[in-house]
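Written below as structure tokens is the structure these notes are about.
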Amino acid sequence: MSLLVKGARVISPGDNLDKEIDILIKKGVIEKIAKGIKAPKAKIINAKGKVAVPGLIDMHTHLREPGREDKESLYTGSLAAVAGGFTAVACMANTNPPLDSEQDMEYIYTEAKKIGLVDILPIAAVTKNMEQKELTEAAKLKKAGAVALSEDGHPILNSSFMRHALEYANMYGLIIICHCEDKALSAGGVMNEGYMSSLLGLKGIPAEAEAIIVSRDINLARRTSGRIHIAHVSCKESVALIRQAKKEGVKITAETCPHYFSLSDEELKEYDANFKVNPPLRAKEDIAAIKEALADNTIDIIVSDHAPHLESEKELEFDRAPFGMTGLETSLGVSYGLVEEKVLSLGELVNKMSVRPAGIFGLDKGSLKEGDAADITVIDLSTSWVVKKENFKSKGGNSAFIGKELKARATEVIFSGRLVMENGKVL
Ligand code: DOR
Ligand code: ZN
């Protein structure tokens, strides 16, 4: 069936497009973008007063399959992704067992296709079984569709090993997504080290635990000419290092997550483990630095780091609860706060949630022009909604935003030319 998105303000920064215009979709692709399209047989999506953007892309999610389907599965993760307005998500390799082989890549692609709600793009481990003893086979993984390599969840602490990984990944055009954490400095820590950790009597993780490894990875990327992408940037020290490295021409890009620019370590005063993430929520001045870095493109993209955990685990005492919060269903709403605060324009936000992720990782996505596969997100900017756990599609209820009022919400999602969400309901 063909679809006609009518009357939306279409914002596609990669195509220099920002105007009220119609989009006709036929057989999975954008057939026509023009004013006043008439297509009597098409299903009409009345998007007057809304915006339509290239399908949002989340390059950092934990979908937990295989191994922890009690926390999330490719299916429930796909539902959550659509509900959040995404048409593509990249899933991290720290599953059980880890995604480290061609068969694992095939498994993800096959299952995602069967589910048919979003593209799920596998990120492969850097090392076999994530044991950091032997490198995975980058050439084969790339061929099987790995979009990047990462040991996210764990840093690669052996610098020589990291150097070889970069050299090897670079030969096959793969980016390494770096989880930067000096484990000796972060050991035993459960929140940001600073005034709040002293006040609460919780062991802190200093910003330097992140920045020292960011600095090392920048040095190794410079040495090897390898491409690095810094995961979940949380502190001002990392921002300064990345900004400088970019000036020098190091092949580096970076991401942050909605919680790092909207929540500070002061949130931890209730000892609610839903605010426990790794890296930890930092101080107010870090939030300011992250926003500045988003505005000047030191930080290229926004990702959710969607990390579902069981309620029973998050209810453990703070020290013992696992790190991580869900994010697929709140990422857009929280990130829209940046537009309201005038940190980013709406077009810049679309850049960071669709255009740039596609560009950095070489995906044929993030644009809206005739002939493109039709991945489109329609967003209502005038709505406001309260985040409720019972409305989540994700199996994880461990969100720091429950009870918060957010603006902006995806109401329609078109994936590969099919309507997969309509009026805010996943079909
Ligand atoms: O908070 C986090 N949760 N940080 C990570 O690096 C890993 C993730 C997870 O897998 O739960
Ligand atoms: Zn992660």
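Both ligands and their constituent atoms are indexed starting at 1 by order of listing. One is the number of the first residue; the rest follow in order along the sequence.
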The Zn ion (ligand 2) to nearest N/O/S of H232 below 2.8 Å: no
Atoms in ligand 1 with a heavy atom of G153 nearer than 4.0 Å: 6 (O), 7 (C)
Near-ring test Y168/Y172, centroid separation under 6.0 angstrom: yes
R64, portion touching ligand 1 at heavy-atom distance under 4.0 Å: side chain
Residue D152 atom name (nearest to the Zn ion (ligand 2); N/O/S): OD2
Sub-3.5 Å N/O-N/O distance, G324 and ligand 1: yes
Minimum-distance atom from the Zn ion (ligand 2) among N, O or S atoms of D305: OD1
Contact check: F323 vs ligand 1, nitrogen or oxygen atoms, below 3.5 angstrom: yes
pair L79-L117: side-chain heavy atoms closer than 4.5 Å: yes
Residue K404 excluded, over 12 heavy atoms near NZ under 6.0 Å: yes
Side chain, backbone, both or neither: H179 near ligand 1, heavy atoms under 4.0 Å: side chain
From M191 atom CE to L268 atom CG, the distance as rounded to the nearest 0.5 Å: 4.5 Å
Sub-6.0 Å ring centroid separation between H229 and F361: yes
N, O or S from H62 under 2.8 Å to the Zn ion (ligand 2): yes
Side chain, backbone, both or neither: H309 near ligand 1, heavy atoms under 4.0 Å: side chain
Those atoms of ligand 1 less than 4.0 Å from some heavy atom in H232: 6 (O)
Under 3.5 Å donor-acceptor, E329 side chain and S394 backbone: yes
Aromatic centroids of H154 and H179 separated by under 6.0 Å: no
Heavy-atom side-chain proximity of E255 to H60 below 4.5 angstrom: yes
Ligand 1 atoms in contact with H62 (distance to a heavy atom under 4.0 Å): 8 (C), 10 (O)
Note, I175 side chain near L149 side chain (heavy atom, < 4.5 Å): no
Whether R68 lies under 4.0 Å from ligand 1, heavy atom: no
Residue, atom name and distance, where the atom is the protein heavy atom closest to atom 4 (N) of ligand 1: N278 O, 2.8 Å
